[in-house]
Amino acid sequence: MEYNFRAIEKKWQEQWEQSHAYRVSNDSPKPKCYVLDMFPYPSGAGLHVGHPLGYIATDIYARYKRLKGFNVLHTMGYDAFGLPTEQYALETGQHPAVTTEQNIKAFREQLDNIGFCYDWDRQVTTSDPSYYKWTQWIFLQIFESWYNRETQKAEPISTLISLFEQNGNAGHICPGDRTIQFTAAEWKSYGETEQRNILMQYRLAYLAHAEVNWCAALGTVLANDEVVNGVSERGGYPVVKKKMSQWFLRITEYANRLLEGLETVSFSDAMKEMQRNWIGKSQGAEIKFALKNSTENIEVYTTRPDTIFGVDFMVLAPEHDLVKSITTPEQQGEIDKYLEYVQSRSERERMADVKQITGCFTGAYAINPFDGREIPVWIAEYVLAGYGTGAIMAVPCGDQRDFGFAKHFNIPITNIIGDAFNGEEANATKDAKLQNSGFLNGVDMKTATDIVISKLEEMGIGKRKINYKMRDAGFSRQRYWGEPFPIVYKNGIPYAMDEKDLPLELPHVENYKPGAEGEGPLANITDWVNVAPGVKRETNTMPGYAGSSWYFLRYMDPHNKHTFADRKATDYWNQVDVYVGGTEHAVGHLLYSRMWTKVLYDLGHIGFQEPFKSLINQGMIGGSSRLVYRVRGTHQYVSHGLKDQYETDELHVDVNIVDGVELDTAAFKKWKPDFADATFILEDGKYICGVQLEKMSKRLFNTVNPNDLVEKYGADTFRMYEMFLGPVEQSKPWDTKGIEGVHRFLKKLWRLFADEQKGIIVNEQVPTPEELKILHKTIQKIDHDTNGFSYNTAVSQFMICVNELATLRCHKRAILEPLLILLTPYAPHLCEELWQYLGNNESILNALYPVYNEEYTKESAFNYPVAINGKTRSEMGFPLDAAVADIEQAVLGNEIVQKWMEGKAPKKVIIVKGKMINVVV
RNA sequence: GCCCAGAUGGCGGAAUUGGUAGACGCGCUAGACUCAAAAUCUUGUUUCGGCAACGGAGUGCAGGUUCGAUUCCUGUUCUGGGCACCA
């Protein structure tokens, strides 16, 4: 009886499916546990070995929790809307819906191969109308809400209207436009258009104008990803900014709650830090500077109001509204030239290029409110319109970027920090005593901050302000393959569609070309757009993150036709207990889904406001590419070690035809027609490939398909090998080499149970203390490591355990049966098979997890490392309960110790019980 | 540029709270079984010196704290991820 993994895995996968072994009920007396994977985008490339890393980890955890007596929700779905499918459609004419369906089928096949315990009855697909009906519904909830800063939560827009009817907007700051102020009487006098326009400035989903990457040559809006070095990736055409009307989510209203919520969840500190930095809360002041010869003001936000006497110039973002009105005629030409230059620059380039200093003087001067000094006003690309007020006061002696700017443009620098400023570089100190600072002279900076703010508030030209770096989330895409907005425009004013008319289905199109003005392809379907005279649909679609912002709720109640998920179901499953996915989603997806959850909570639709109780970030699996070297101008390929003797070109070669680093030259010739007549210059009779670590990608021929490995070694081996590679959280390059070792381990384990000739060899003998010690050490370690997602060390412990049991020739049921249960989460097929051989009728999936008993693992003595001056020189064994004085005496009497002490007297003897001994001389 | 993370043998990695660096596996090495191969089992494997006993060095780099540092602190280099329309 040998380990025939192919038959075993097929048998049990069919068995589990037939018996609905992984179906989960929303009604169970057991405690619940919700284990979630980040669902994949079903790309045409299929799954590679990087994808299942997190899935296997959660699968092990889900199975472990089930054995521990939990009712576990664990399921899978597809994040199916997105750009690549649409691009594929543009290239091939293949409809995205068709491509998506094919891709999902391929993904499912690959996933099934690995033996996951998903409840597939709960699968969701974001591009399915029965799913995006509720994405649209939630969007409308957001659209029909505003954020009440008094109550600190989202409320229906109707509560805002009643407020307006009673008091106008007195006592409120309108989040969208702070200049809006009106009384109740005024509100009532407004027409519908005016009222709706005001409400738009409050809504949590609102329309505003924002810039997009516009490529005139392609006639389309491009994603940042499609723009490379300022030109389009396709065709290399110029890309400029274009303002378009777009939907936004007012996530900034939730900034503080998103920040505070982090205290209640268990994410890694790094992850929390990244989110905090993204939210970017800072305290400072907003200050109005009057302009010389003008009635307008420049409003700046600064975290350092104490340095106000050191302001030597002001900088506006090039997009700032004031630029047009304050530029003097003499400077107009220069400014126009500069604005044209900035048009071509991406935000990333503008922030990253610090060596290259650019800017342009507007000709205007601001006035320092305290000493009346005239301050030149510049524009420069390093100031971004979206942050703060889009204008800064520049203090060159205290800020390095301002300093560089002043030096570059020869702007005189005022030193307000005395000796702390050396004239060579800025000093951002907060501890100096101020100089050259009028009434603040001699005051230390920390005190000055409060003085300045009070004074500004007194003068009515400034106030204390908390600022967030985070901006509202753009929610429109000029694309086809996304959720249509459930919005119609009547005479240009957006209205929510009636709930009963949802879903608004994505109409079928034949053509994925953009609309005339760069709108999405939907704009071309005129009979869909024009609902009635004067009534038009929104032609943009929602972004990729819409569907993924709430899918974890739909899993709880995926077939519900009346609501996105029944309240009973969301109350039962509640927060996701463990969420596993890559750090690349650290800010985007995680912040958006946290916000959506909070909105739904505020509106009373669910009972919790943080979606994910704990989060584990799986590392990326990198590709390890293989390279061959073609001698230039020939069909001759030279081995890596000899390539320096020739002039060569480097080519990527499919990693699947390379064994380690040795190229299968026959397979290479067959790989592509170009290589059919290849000849090789070998070293030691072999062709050795170069190795390069990079992203795993189809283009680099370094992807490894899990199917191939499952076929060769079986799913159980594949699962354990992926876990054995290293910590789940750590990024690492893929290397198939070591998989043999794990496969050998499973075969060795099999041989503890079964013999090729004799069949099952498990006996009923009573285990020895030694065997029990091995078992219980293993129980302890596996339980601990499985619970803590430390799967690589768990696999290692299984190996140690099996090695030791094999040495002892232990085939005892009392030892092997508990071991099998421990291993089930890792290698479910093999364990189920052996479990059945042991005569169990019930599936091992529902077995009881073994309990660790300390009695069996107790040690009575310890072999101490003995160090002299911190260097280990010997070992000495002592009972654990030996008296310190006795140990000391024995150690000092030891021959080796005495040799190393060289006759000197010990200064100190350090004895740590059960750890080590160190003699200091 | 900014934010976050990582760096340990030929390779993946291990090392409770600061306490024997290199567990486990791969690869390599020598051997057993075999006509042979596969499979399996056994031996050795950080590096340098030495037949060995043993000794020196050693966790990216440079410092520091400590009886003792892969672990804590300061600085630095390199690599990976993110930076708001890829998912």
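For clarity, every value in this text was computed on a predicted model and none was experimentally measured.
Between A:Tyr132 and A:Phe81, the gap from one ring centroid to the other is short of 6.0 Å.
At B:A84, none of the side-chain N or O atoms of A:Arg471 fall inside 4.0 Å of OP1 or OP2 (strictly under the cut-off). The side chain of A:Gln730 contributes an N or O atom lying less than 4.0 Å from OP1 or OP2 of B:G13. Listed pair A:Asn803 / B:G25 meets the phosphate criterion, a side-chain N or O lying under 4.0 Å from OP1 or OP2. Within the 4.0 Å cut-off from OP1 or OP2 of B:A14, at least one side-chain nitrogen or oxygen of A:Asn792 is found.
Proximity of residues 737-746 of chain A to RNA chain B (heavy atom under 4.0 angstrom from any strand atom) is restricted to A:Lys737, A:Gly738, A:Gly741, A:Arg744. Scanning residues 77-87 of chain A for heavy-atom distances under 4.0 Å to RNA chain B yields A:Asp79, A:Gly82, A:Leu83, A:Pro84.
The nucleotide whose nearest atom lies closest to any side-chain atom of A:Val212 is, among B:C83, B:C85, B:A5, B:C85. For A:Asn918, the listed nucleotide lying nearest its side chain is B:G19; candidates were B:C4, B:A23, B:G19. The side chain of A:Glu584 lies closest to B:A87 when the candidates are B:C11, B:A87, B:G25. The side chain of A:Phe724 lies closest to B:C24 when the candidates are B:A14, B:C24, B:C3. Comparing B:A87, B:C85, B:C86 by their closest approach to the side chain of A:Asp225 singles out B:C86. Nearest to the side chain of A:Thr872, among B:G13, B:U20, B:U40, sits B:U20. The listed nucleotides are B:C86, B:G81, B:U40; the one nearest the side chain of A:Thr583 is B:G81. Among B:G12, B:G25, B:U17, the nucleotide with an atom closest to any side-chain atom of A:Lys732 is B:G12. Checking B:C41, B:C3, B:C24 against every side-chain atom of A:Arg751, the shortest atom distance belongs to B:C41.
Atom NE2 in A:His585 sits about 16 Å away from atom P in B:A84, given to the nearest Å.
Within a 6.0 Å sphere centred on NZ of A:Lys712, other residues, nucleotides and ligands contribute 12 heavy atoms or fewer.
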N/O to N/O distances under 3.5 Å, protein versus nucleotides 53-56 of chain B:
unit_1 : atom_1 : unit_2   : atom_2 : d
B:G56  : OP2    : A:Arg873 : NH1    : 3.1

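At a threshold of 4.5 Å between non-hydrogen side-chain atoms, the residues A:Ile868 and A:Val920 do not count as touching. Contact annotation: the side chain of A:Val315 approaches that of A:Tyr382 to within less than 4.5 Å [non-hydrogen atoms, C-beta and beyond].
Within 90° of 0 lies the glycosidic angle of B:G9, which makes this nucleotide syn.
Ranked by how close their nearest RNA chain B nucleotide is to the 5' end, A:Lys469 and A:Leu725 are led by A:Leu725. Toward the 5′ end of RNA chain B lies the nearest nucleotide of A:Glu875, the other residue of the pair A:Glu875 and A:Lys908 mapping further downstream.
Atom P of B:U8 sits at a distance of 27 Å from the matching atom of B:G44, rounded to the whole Å. Rounded to whole Å, the separation between the C1' atoms of B:G81 and B:U71 comes to 25 Å. For the P atoms, the distance from B:U70 to B:G82 is 33 Å, rounded to whole Å. Going from the P atom of B:G18 to that of B:G13 covers 24 Å, rounded to whole Å. With P as the reference atom, B:C24 and B:C41 are 15 Å apart, rounded to whole Å. Comparing B:C54 with B:G60, their P atoms sit 29 Å apart, to the nearest whole Å.
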Can you give me the dot-bracket string for RNA chain B, 5' to 3', counting Watson-Crick and G-U wobble pairs with both distances under 3.5 Å, using [ ] for crossing pairs and | for partners on another strand? (((((((..(((......[....)))((.(((.......))).))((((....))))..(((((..]....))))))))))))....
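Side-chain contact, A:Thr541 with A:Trp481: no donor N or O sits under 3.5 Å from an acceptor N or O. Between the side chains of A:Arg594 and A:Gln275, at least one donor N or O lies within less than 3.5 Å of an accepting N or O. One side chain, A:Glu875 or A:Asn863, offers a donor N or O that lies under 3.5 Å from an acceptor on the other. Looking only at atom types and distance, the side chain of A:Tyr78 has no donor-acceptor partner in the side chain of A:Ser127 under 3.5 Å away. Side-chain polar atoms of A:Asp79 and A:Tyr545 form no donor-acceptor pair below 3.5 angstrom. Of the N and O atoms on the side chains of A:Tyr713 and A:Glu740, at least one donor lies less than 3.5 Å from an acceptor on the other residue. For the residue pair A:Ser790 and A:Thr793, a side-chain donor N or O sits within less than 3.5 Å of a side-chain acceptor on the partner.
With sequence neighbours excluded, the residues forming a side-chain contact (heavy atoms from CB on, under 4.5 Å) with A:Met901 are A:Leu892, A:Val897, A:Pro906, A:Val919, A:Val921, listed by chain and number. In terms of the side-chain contact (heavy atoms from CB on, under 4.5 Å) criterion, residue partners of A:His589 (sequence neighbours excluded) are, by chain and number, A:Met38, A:Ser548, A:Tyr551, A:Tyr579, A:His585, A:Ser593.
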Working for ring pair (Phe, Tyr, Trp, His ring centres under 6.0 Å), residues A:Tyr791 and A:Tyr826: CA-CA 9 Å; A:Tyr791 298 137; A:Tyr826 295 80; 5.8 Å; yes
